[in-house]
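All figures in this text were calculated on a predicted structure; none of them were measured in a lab. Residue numbers begin at 1 in each chain, while the letters A, B, ... track the order of the sequences.
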Protein chains: 2
Amino acid sequence: MHKSAYMNMDKHVDIFKALSDNTRLRIMRLLIHAGRELCVCEITDSLQESHYNVSRQLKELKIAGLVREQKAGRWVLYSILKAKDKFQKFILHAVENIPEDIFITDLQRLKIRLSLRKDGKCVIGLKSKEWGK
Amino acid sequence: MHKSAYMNMDKHVDIFKALSDNTRLRIMRLLIHAGRELCVCEITDSLQESHYNVSRQLKELKIAGLVREQKAGRWVLYSILKAKDKFQKFILHAVENIPEDIFITDLQRLKIRLSLRKDGKCVIGLKSKEWGK
DNA sequence: TTATTATATGCATAAAAGTGCATATATGAA
DNA sequence: TTCATATATGCACTTTTATGCATATAATAA
């Protein structure tokens, strides 16, 4: 399509596009469920995906404006960015309302992974390999 | 990602994917706004896209379960399929809540196009060319 | 400094998606 | 039947996206 000023729906299309991928949707649901910041290795272990893939998909979610990033030493923490308009609110509600059983394994692994935090912080690195991918 | 039974989020990903395209998003918004069945040529004229592209994108929306199709003689009428679960409800609300000004030109052309109906039905074919694409 | 570790990214490749053109299908009209 | 018209689709081509591997960056520890 030719683009013009009055048809700038790219931002919205980009958000749909960001959610059009299994890994990214799993990350979004994980972050929504967690309701707090998670570091890359916690997400990676919960999903049992490659760390570089998780890293890349997080970047795309960030570009789309769905998550935010915060550095904490060697760790980088990601969390859901508060919805800025009605559109984003409904999008987040949609993701929230996908049946939980689809994500249950991710969520169970997250629970275990979070129990390994010390003082509310992740202190270990990637455990995916040890957990037997 | 490898697929397995407990991770069947394809349906949801497919819906996001269906909305990850400018043309398809414009069609969705047009149908939501119209609140009734529209034939392919009415949609084509409103969007001023090629008829074969509109036809193709409608098919994808149908496969994703977002619209339904009904034949009426030579015409094929499309309309928004009622949401079957919370997820779809929120998705439709999201699309509804994208600022209207982005779609205003499409909506204006639809209004004109609908005024050409006779007995509530489209009786002319494609007018895009005459309308000066 | 050097080593370690958490995260990010460039490159290569494969798969998927978007789209124009030509053509096919299907229904109604003549 | 033959023609016209509304819609659909196969093919070809280009662009985009996904992803593994290797490597780079950045922060901490030793």
Output yes when at least one side-chain N/O atom of B:Ser55 is less than 4.0 Å from OP1 or OP2 of D:dT7, else no. no
Looking only at C:dG18, D:dA8, D:dA18, the nucleotide nearest the B:Arg24 side chain is C:dG18
Rounded distance in Å - CG (B:Asp14) to C1' (C:dA16): 12 Å
Using the salt bridge (Lys or Arg N to Asp or Glu O under 4.0 Å) criterion, which residues pair with B:Lys111? Sequence neighbours excluded. none
What is the nucleic acid contact for B:Ile124, judged by heavy atoms within less than 4.0 Å: base, sugar-phosphate only, or nothing? sugar-phosphate
With the side chain defined as heavy atoms from C-beta on, A:Ser50 is closest, among C:dT7, D:dG20, D:dT19, to D:dG20
Partners passing salt bridge (Lys or Arg N to Asp or Glu O under 4.0 Å) against A:Lys62 (at least two apart in sequence or in another chain): A:Glu69
Under the side-chain contact (heavy atoms from CB on, under 4.5 Å) test, which residues partner A:Ala83, sequence neighbours left out? A:Gln88, A:Lys89, A:Leu92
Across all chains, not counting sequence neighbours, the side-chain contact (heavy atoms from CB on, under 4.5 Å) partners of B:Arg74 are none
Applying side-chain contact (heavy atoms from CB on, under 4.5 Å) to B:Leu107 and not counting sequence neighbours gives B:Leu30, B:His33, B:Glu100, B:Phe103
Can you identify which nucleotide, out of D:dT19, D:dT7, C:dA8, has its nearest atom closest to the A:Gln57 side chain? D:dT19
Should we say atom NZ of B:Lys84 is surrounded by more than 12 heavy atoms from elsewhere, each under 6.0 Å from it? yes
Identify, with sequence neighbours excluded, every residue that meets ring pair (Phe, Tyr, Trp, His ring centres under 6.0 Å) alongside B:Phe16. B:Phe87
Spell out protein contact along nucleotides 21-30 of chain D as letters: B when the base is contacted, S when just the sugar-phosphate is, - when no protein heavy atom is under 4.0 Å; keep the 5' to 3' order. BB----BS--
Looking only at non-hydrogen atoms, find the nearest pair between A:Pro99 and B:His12 and report the distance. CD-NE2, 3.9 Å
Near DNA chain D, which residues from residues 30-40 of chain B have a heavy atom under 4.0 Å away? B:Cys39, B:Val40
Between D:dA8 atom P and B:Trp75 atom CH2, what is the distance in whole Å? 13 Å
From the set D:dA8, D:dT9, D:dA18, return the single nucleotide nearest to any side-chain atom of B:Tyr78. D:dA8
Whole-Å distance separating the CD1 atom of A:Ile27 from the C1' atom of D:dT19: 13 Å
Between A:Lys59 and C:dA8, is there a contact of a side-chain N or O with OP1 or OP2 at under 4.0 Å? no
Of all residues at least two apart in sequence or in a different chain, which pass the ring pair (Phe, Tyr, Trp, His ring centres under 6.0 Å) check with A:Phe90? B:His93
